[in-house]
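All remarks here apply to the structure that follows.
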Amino acid sequence: MSLPSSLKPCLLLLFLCLLDVSTIKSKPLTQETVLFGAKFPALYVIGDSLVDSGNNNHLETMAKSNFPPYGSDFEGGKPTGRFSNGKTIADYIAIYYGLPLVPAYMELSEEQKNNTSTGINYASASCGILPGTGKQVGKCLSMSVQVDLFKETIDKNLKKKFKTQSELSKHLAESLFMTAIGINDYSFFYNKTIDANDFATKLLHEFLIQIKRLHGLGARKFFINNLKPLGCYPNIIAHTVPRGSCDDDLYLAVALYNAKLRRSLSHMKQKFSKTSFLYSDYFNFMLGLRGPSSNHASSNLMNSTSPCCPSVYDGGVLMFCSANSSSCTMPDTHIFFDPFHPTQLANFMYAIGCFQERKICHVVRD
């Protein structure tokens with residue numbers, strides 16, 4: 001028997017009290033050993049809209065979120081360019097490691113870049129690993145361009161901040177490099193006429209080229225997120241039969257890429273000495289929020305089939321809210337804030353699963 005909808009907000013509030021949200025705002029969740037090693041001096045973020053913190057604000061694109069109702073639960077209730085009502089998983093990763101929220105590269109002046117040594121976010125909504133991904137909705141920063149910008153940060157900014165090459169190399173080697181990118185390549189280019197194995201192999205090849213470039217620039221500690229279960233997202237399941245069930249072809253295609261990615265990190269670990277990888281299983285985390293079911297249909301207290309914004313979703317083409325979109329009154333009752341992106345609560349639950357429960361994130365040992 002399902003619960004009356006009127007009880008769900010009450011149960012969620014109780015759930016939040018039990019979690020004690022304040023614990024993740026200022027320090028690691030427990031007193032045990034910090035996951036993935038010592039204190040990192042900086043967090044550098046390569047990614048897409050899952051972790052974009054404002055870069056697309058400065059690009060000519062339809063993929064923007066610098067207007068209400070985005071940011072309604074962010075600090076000060078301000079829309080910043082994050083595709084959520086609040087913090088992203090990159091924000092919670094920074095908080096866990098005692099770092100300030102990572103500023104968007106495009107938001108910083110040259111003087112600010114010269115004085116920033118705790119990390120920069122290069123993520124760009126709608127973009128992906130392949131250079132042509134996302135261009136259908138406007139300009140964005142592909143993964144290779146993001147790595148180019150990081151190299152520019154080293155050459156133009158960090159070399160001014162650190163007096164010697166030794167100090168710079170130490171900073172880069174001890175910093176954390178997070179990636180969350182690739183799902184837009186599936187959104188824009190994958191279809192049932194394409195061989196899933198070939199597509200995954202090509203995409204992974206291009207991804208690893210950029211990881212090797214980062215390694216060549218001095219990166220040694222990587223936080224790698226796998227791809228989300230796109231086949232189970234609101235913009236997809238609005239068109240499935242029965243409505244709300246996952247698109248199995250897309251679901252399995254992304255799962256295939258993730259399996260290849262995980263194996264490749266073991267090979268990279270063996271190939272590069274003094275290099276560490278933390279693998280984040282974002283795919284299964286998001287599936288877990290839907291609840292257990294043979295066809296991945298929702299059985300969770302949280303609404304996992306409809307976004308909070310727009311409050312009435314008809315499965316339209318756009319994956320974002322528009323500036324005049326109406327939204328739900330309680331985002332914490334939803335997994336998704338818009339048809340393609342999670343709510344702050346879902347992102348917080350990711351942080352709990354990764355850092356406290358340690359069921360999502362695992363250091364690659366072999």
Side-chain angles (χ1 to χ4, degrees), residues 12 16 21 25 45 47-95 100-108 121-127 134 137-141 180-181 183-184 187 228 230 233-235 238 282 286 289 302-351:
L12 281 165
L16 285 172
V21 178
K25 289 185 176 179
V45 180
D48 54 29
S49 54
L50 183 65
V51 291
D52 188 347
S53 59
N55 284 307
N56 272 35
N57 296 351
H58 303 271
L59 301 173
E60 294 181 9
T61 175
M62 291 186 288
K64 290 181 182 289
S65 58
N66 55 342
F67 47 79
Y70 289 111
S72 58
D73 294 301
F74 193 71
E75 299 167 356
K78 179 183 177 182
T80 61
R82 288 167 170 81
F83 287 78
S84 181
N85 59 306
K87 294 181 176 66
T88 68
I89 63 171
D91 293 327
Y92 283 120
I93 290 169
I95 290 168
L101 301 189
V102 186
Y105 177 86
M106 302 290 286
E107 300 262 275
L108 299 174
N121 186 323
Y122 304 91
S124 178
S126 81
C127 249
V137 297
K139 294 183 179 180
C140 62
L141 311 174
I181 195 165
I183 200 61
N184 289 322
S187 294
K228 60 190 179 185
L230 179 61
Y233 269 48
N235 61 310
Y282 191 77
M286 289 302 290
L289 292 187
M302 298 171 69
N303 186 327
S304 63
T305 58
S306 299
C308 173
C309 175
S311 55
V312 178
Y313 181 58
D314 60 2
V317 176
L318 284 181
M319 297 177 286
F320 322 106
C321 295
S322 59
N324 59 358
S325 291
S326 61
S327 62
C328 66
T329 57
M330 295 188 66
D332 286 348
T333 62
H334 287 67
I335 291 174
F336 298 98
F337 187 69
D338 68 18
F340 203 64
H341 306 96
T343 57
Q344 175 173 260
L345 177 60
N347 291 330
F348 173 74
M349 292 170 71
Y350 165 87

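Each residue takes its place number in the sequence, starting with 1.
The closest donor-acceptor contact from the side chain of Lys139 to the backbone of His58 lies at 3.5 Å or more, if one exists at all. Checking side-chain atoms of Asn184 against main-chain N and O of Cys127 turns up a donor-acceptor pair under 3.5 Å.
Evaluation of the side chain to side chain contact (heavy atoms under 4.5 Å, CB included) rule for Ala94 yields Leu43, Leu99, Val102 as partners, not counting sequence neighbours. The side chain to side chain contact (heavy atoms under 4.5 Å, CB included) check on Ser322 picks up Asn324, Ser325, with sequence neighbours excluded. For Ser124, the side chain to side chain donor-acceptor pair (under 3.5 Å) partners two or more places apart in sequence, or in a different chain, are Asn56. Looking at residues two or more places apart in sequence or on another chain, you find a ring-ring contact (aromatic ring centres under 6.0 Å, His included) between Tyr122 and Tyr105. Under the rule for a side chain to side chain contact (heavy atoms under 4.5 Å, CB included), the partners of Ser306 that lie at least two apart in sequence or sit in another chain are Asn303.
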Can you give the donor-acceptor pairs under 3.5 Å from side chains of residues 337-347 to other protein atoms, not counting sequence neighbours?
| residue | atom | partner | partner atom | Å |
| --- | --- | --- | --- | --- |
| Asp338 | OD1 | Phe340 | N | 2.9 |
| Asp338 | OD1 | His341 | N | 2.7 |
| Asp338 | OD1 | His341 | ND1 | 2.7 |
| Asp338 | OD2 | Tyr70 | OH | 2.6 |
| Asp338 | OD2 | His341 | ND1 | 2.8 |
| His341 | NE2 | Ser49 | OG | 2.6 |
| Thr343 | OG1 | His334 | O | 2.9 |
| Thr343 | OG1 | Ile335 | O | 3.4 |
| Thr343 | OG1 | Ala346 | N | 3.3 |
| Gln344 | OE1 | Lys87 | N | 2.8 |
| Asn347 | ND2 | Lys87 | O | 2.8 |
| Asn347 | ND2 | Thr343 | O | 3.4 |

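Put simply, CG on Leu141 and CD1 on Ile181 are 9.5 Å apart, with the number rounded to the nearest 0.5 Å. Within the model, atoms SG of Cys140 and CE of Met62 stand 11.5 Å from one another, a figure rounded to the nearest 0.5 Å. Here the OG-CG distance, from Ser72 to Asn85, works out to 4.5 Å after rounding to the nearest 0.5 Å. Distance check: Ile183 CD1 to Asp48 CG gives 8.5 Å after rounding to the nearest 0.5 Å. Between Leu50 atom CG and Lys228 atom NZ the span is 6.0 Å, to the nearest 0.5 Å. Rounded to the nearest 0.5 Å, atoms OG (Ser84) and CG (Asp52) are 12.5 Å apart.
In summary, of the residues considered (Tyr233, Phe320, Tyr313), a ring-ring contact (aromatic ring centres under 6.0 Å, His included) with Phe336 occurs for Tyr233 alone.
Less than 2.5 Å separates the SG atom of Cys328 from that of Cys308.
For the residue pair Thr80 and Arg82, a side-chain donor N or O sits within less than 3.5 Å of a side-chain acceptor on the partner.
Side-chain contact between Pro331 and Asp73 is present, with at least one heavy-atom pair separated by less than 4.5 Å. Side-chain contact between Asn57 and Met106 is absent, with no heavy atoms from C-beta onward closer than 4.5 Å.
Between Val45 and Ala90, the closest heavy-atom pair is CG2-CB, 4.4 Å. Nearest approach of Ser311 to Ser327, heavy atoms of both residues: CB-C, 3.9 Å. The two residues Cys321 and Pro310 make their nearest non-hydrogen contact at SG-N, 4.1 Å.
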- Mind running side chain to side chain contact (heavy atoms under 4.5 Å, CB included) on Leu230 and Ser187 for me, showing each step along the way? CA-CA 8 Å; Leu230 179 61; Ser187 294; 3.5 Å; yes
- Query: Does the pair Ile95 and Leu101 meet the rule for a side chain to side chain contact (heavy atoms under 4.5 Å, CB included), with working shown?
  - Reply: CA-CA 7 Å; Ile95 290 168; Leu101 301 189; 3.9 Å; yes
